[in-house]
Asks: 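Before anything else, here's the structure in question.
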Amino acid sequence: MSAPVRVRFAPSPTGYLHVGGARTALFNWLYARHQGGKFILRIEDTDKQRNTAEAVQVIYDGLRWLGLDWDEGPQAGGDHGPYFQSEREAIYEKYFQRLKEAGHLYEDGGAWRFRFRREVVEVDDLICGKVAVDFANTEITPDMTIRRPDGSWIFHFVNVVDDIEMQMTHVIRGEDHLSNTPKHIQLFQALGVEPPRYGHIPLILNHDGSKMSKRDQGASITSYIEGGYAPEAVRNYFCLLGWSPKDDREIMPTEEIISRFDLANVNRKGAHFDIAKCDWFNAQYIQQMPMDRYRELAQPWLAKAGIHAPAEQLDPVLALEKMKVVHFKEIPDRVSFFFNEDYEYDPAAVEKTLRKPGAPDRLAQIAEAYSALETFDAATLEAKLKELASSLGVKPAEFIHPTRIAVSGRSVGPSLYHMLEVLGKARVLARIQQTRERFAA
RNA sequence: GACCCUAUCGUCCAGUGGCCUAGGACACUCCCCUUUCACGGGAGUAACACGGGUUCGAAUCCCGUUAGGGUCGCCA
């Protein structure tokens with residue numbers, strides 16, 4: 001029986017979580033969950049300059065937002081800690097002595113270098129296949145530095161030591177590390193340890209194919225959190241960037257993705273990031289979302305806009321926009337007029353419709369007709385409005401448009417009759433009255 | 001520059017020698033639904049980078065070219 005799978009995500013705290021890093025974490029997590037293994041988080045903070053509590057927090061927040069829980073690591077514990085490289089000095093020292101005593105190291109300008117064996121090293125990558133690098137070519141493979149003159153460590157060395165100590169069985173990381181892997185394998189061999197299996201996933205590029213950097217749209221996970229996305233939608237979209245279930249399934253529950261995910265199905269081609277498709281996923285998820293979850297995700301945005309209401313008042317209003325919302329961020333603006341009697345009137349709509357000759361009469365007529373109603377539901381309201389229009393020999397639109405603007409201040413919004421029903425008779429009549437007074441010709 | 005990876009619609013994927021006059025999704029265009037805006041339904045535009053092989057047969061295999069990306073750090 002082979003050892004249980006152990007994979008890790010090992011970010012450096014740079015102050016932001018890149019979409020590519022998040023996708024790497026996601027693929028590691030999916031693989032661990034698929035295999036019933038462990039997903040470990042390790043913070044590679046050897047560069048003390050940029051190691052701040054805030055920078056680490058950004059990583060935790062991003063991973064948690066995406067629902068990527070780690071089995072071992074900071075705040076989770078585990079038997080292979082500490083999980084911050086800055087706290088593993090003694091371990092690195094021990095491995096350094098081993099390499100030194102075995103004659104693999106030499107000093108150069110105060111720094112310590114690892115002497116490569118000058119031979120062909122082959123990586124049997126789970127995604128890229130066999131990749132060979134010829135170390136006889138010293139041009140591209142100069143002996144690598146593993147320790148600086150000040151005693152601090154270089155990435156390659158601590159990365160390998162930690163992967164050994166933490167007993168990683170697979171290393172799934174970005175393709176930018178593919179060229180580093182033969183070097184790492186040499187380190188494993190010098191230490192007498194069997195290297196893990198490797199899988200290098202292609203990078204994520206901008207929509208136009210250029211390299212994605214910090215400021216580009218969609219590059220930072222924070223931008224999704226702050227942009228009003230549903231984490232489950234973003235996660236689903238990310239899964240499909242470089243991986244596919246091979247049939248035409250796209251919107252899939254996480255459990256299905258976990259059961260179908262495999263490294264062998266990961267693409268070798270770099271994916272171009274498309275925010276428009278990500279938005280479509282978000283809209284689809286919102287449409288299919290249970291009301292409780294929809295409200296839960298909408299509430300922080302409503303609160304930010306000063307809109308507080310109990311679920312029984314919120315839900316009917318939110319339901320009206322469920323098929324239209326793309327980002328939760330839009331919700332306050334879409335529904336604000338429901339919670340405020342001093343809603344603003346769109347000047348263009350007023351000019352185009354309310355100022356039209358006859359509009360004030362239509363408002364008076366519809367108000368009168370509706371005031372007589374005992375049942376105030378969408379179907380009744382629609383029937384009544386159409387009956388009124390027909391009796392006067394005019395088109396329903398002559399009533400629909402002024403009424404919409406009278407009660408909401410806008411020319412676009414939810415279905416009119418449903419909107420009136422949710423508003424309720426008293427508020428509808430009051431709003432029409434208020435509008436008539438305000439825009440009396 | 002050297003080395004490595006990659007190459008199907010604008011984008012994400014399907015396609016692992018015949019089922020491909022290349023399929024799905026996003027985006028875009030048009031139509032229907034709807035007297036708002038959307039959703040939804042239908043239709044359409046649109047791709048095998050190029051050149052050589054191998055083969056009865058190639059998007060699929062091989063070689064080259066070109067293009068894109070990555071790596072060559074006392075960054076991670």
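Because the structure is predicted, anything quoted here is derived from the model rather than measured. Proteins come first, then strands; the chains are lettered A, B, ... in the order of their sequence lines, and each starts at number 1. Only this structure's heavy atoms are used, side chains among them; waters, hydrogens and symmetry mates stay out.
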Asks: Is B:C63 in the syn or the anti form, by the rule that syn lies within 90° of 0?
Replies: anti
Asks: Select from A:Gly109 and A:His207 the residue whose nearest nucleotide in RNA chain B is closer to the 5' end of that strand.
Replies: A:His207
Asks: What is the pairing partner of B:C48, taking Watson-Crick or G-U wobble pairs with both distances under 3.5 Å in any strand?
Replies: none
Asks: Under 4.0 Å, counting only non-hydrogen atoms across every strand here, what does A:Asp279 touch: a base, just sugar-phosphate, or nothing?
Replies: nothing
Asks: Return the nucleotide paired to B:U29: Watson-Crick means purine N1 to pyrimidine N3 with N6-O4 or O6-N4, wobble means G-U with N1-O2 and O6-N3, both under 3.5 Å.
Replies: B:A43
Asks: If we ignore hydrogens and angles and just use 3.5 Å, is the side chain of A:Asp216 paired with the main-chain N or O of A:Met212 as donor and acceptor?
Replies: no
Asks: Mind calculating the distance between CD (A:Glu122) and P (B:C4) to the nearest angstrom?
Replies: 13 Å
Asks: Which base, if any, makes a Watson-Crick or G-U wobble pair with B:C61, both distances under 3.5 Å?
Replies: B:G53
Asks: For A:Arg147, is there any backbone N or O sitting under 3.5 Å from a side-chain donor or acceptor partner on A:Thr145?
Replies: no
Asks: Can you check the A:Lys130 NZ to B:C4 C1' distance for me, whole Å?
Replies: 17 Å
Asks: Which nucleotide in the set B:A76, B:G10, B:A25 lies at the smallest distance from any side-chain heavy atom of A:Asp274?
Replies: B:G10
Asks: Please state whether the phosphate of B:U11, meaning OP1 or OP2, lies under 4.0 angstrom from any side-chain nitrogen or oxygen of A:Asn206.
Replies: no
Asks: Once hydrogens and angles are ignored, does a donor-acceptor distance under 3.5 Å link the base of B:C39 to the side chain of A:Lys324?
Replies: no
Asks: From B:C74, B:G24, B:G40, pick the nucleotide closest to the side chain of A:Gln287?
Replies: B:G40
Asks: Have a look at A:Ala132 and say if it touches a base, only the backbone sugar-phosphate, or nothing, with a 4.0 Å heavy-atom cut-off.
Replies: sugar-phosphate
Asks: May I ask you to decide if the ring planes of A:Phe439 and A:Tyr345 are parallel, tilted or perpendicular, using 30° and 60° as cut-offs?
Replies: perpendicular
Asks: Need to verify one output field. Residue with the more 5' nearest nucleotide on RNA chain B, A:Lys269 or A:Lys277?
Replies: A:Lys269
Asks: Of the listed nucleotides (B:G15, B:C5, B:A76), which one gets closest to any side-chain atom of A:Arg268?
Replies: B:C5
Asks: State whether a side-chain donor-acceptor pair under 3.5 Å links A:Arg362 with A:Gln365.
Replies: yes
Asks: Taking B:A22 as the reference, what is the distance to B:C32 when you measure between their P atoms (whole Å, please)?
Replies: 29 Å
Asks: Could you tell me the Watson-Crick or G-U partner of B:U34, where both distances fall under 3.5 Å? Say none if there is no partner.
Replies: none
Asks: Quick check on B:U36: is either OP1 or OP2 less than 4.0 Å from any side-chain nitrogen or oxygen of A:Ser411?
Replies: no
Asks: B:G40 phosphate, OP1 or OP2: any side-chain N/O from A:Gln284 under 4.0 angstrom?
Replies: yes
Asks: Contact class for A:Leu241 vs. all strands (heavy atom < 4.0 Å): base, sugar-phosphate, or nothing?
Replies: sugar-phosphate
Asks: Tell me: CH2 of A:Trp243 to P of B:A25, nearest whole Å?
Replies: 18 Å
Asks: Quick one: label A:Lys386 by what it contacts on the DNA or RNA (base, sugar-phosphate, nothing), any heavy atom closer than 4.0 Å.
Replies: sugar-phosphate
Asks: Would you classify A:Lys395 as touching base, sugar-phosphate or nothing, given that sugar-phosphate means primed atoms plus P, OP1 and OP2, and contacts are heavy atoms under 4.0 Å?
Replies: base
Asks: So which nucleotide does B:U71 pair with, by the Watson-Crick or G-U wobble rule with both distances under 3.5 Å?
Replies: B:A2
Asks: Once you apply the 3.5 Å cut-off to both distances, tell me the Watson-Crick or G-U wobble partner of B:U21, or none.
Replies: none
Asks: Could you note down all residue pairs passing salt bridge (charged side-chain N to carboxylate O under 4.0 Å, His left out) where residues 262-284 of chain A supplies at least one of them, sequence neighbours left out?
Replies: A:Glu250-A:Lys277
Asks: For A:Arg249 and B:A25, is the shortest distance between a side-chain N/O and OP1 or OP2 below 4.0 Å?
Replies: no
Asks: With a sphere of 6.0 Å drawn around CD of A:Glu344, does it hold more than 12 non-hydrogen atoms of other residues, nucleotides or ligands?
Replies: no
Asks: Using 30° and 60° as the class limits, which term best fits the ring planes of A:Tyr224 and A:Phe238: parallel, tilted or perpendicular?
Replies: perpendicular
Asks: Looking for any heavy atom pair under 4.0 Å, which part of the strands does A:Gly110 touch: base, sugar-phosphate only, or nothing?
Replies: nothing
Asks: Please tabulate, one pair per line, each protein N/O and nucleotide N/O from nucleotides 69-73 of chain B that are separated by under 3.5 Å, including the distance.
Replies:
from  : atom 1 : to       : atom 2 : distance (Å)
B:C72 : O2'    : A:Ile140 : O      : 3.4

Asks: Determine whether a donor-acceptor pair (N or O, by modelled atom type, separation under 3.5 Å) exists between the side chain of A:Glu421 and the backbone of A:Ala378.
Replies: yes
Asks: Nearest to the side chain of A:Glu250, which nucleotide is it out of B:C75, B:G24, B:C13?
Replies: B:G24
Asks: Taking OP1 and OP2 of B:A76, is either one under 4.0 Å from a side-chain nitrogen or oxygen of A:Thr46?
Replies: yes
Asks: List the steps, then state whether salt bridge (Lys or Arg N to Asp or Glu O under 4.0 Å) holds for A:Lys183 with A:Asp143.
Replies: CA-CA 9 Å; A:Lys183 302 175 192 174; A:Asp143 288 339; over 6 Å; no
Asks: Specify the separation, in whole Å, of atom CG of A:Asn236 and atom C1' of B:A25.
Replies: 12 Å
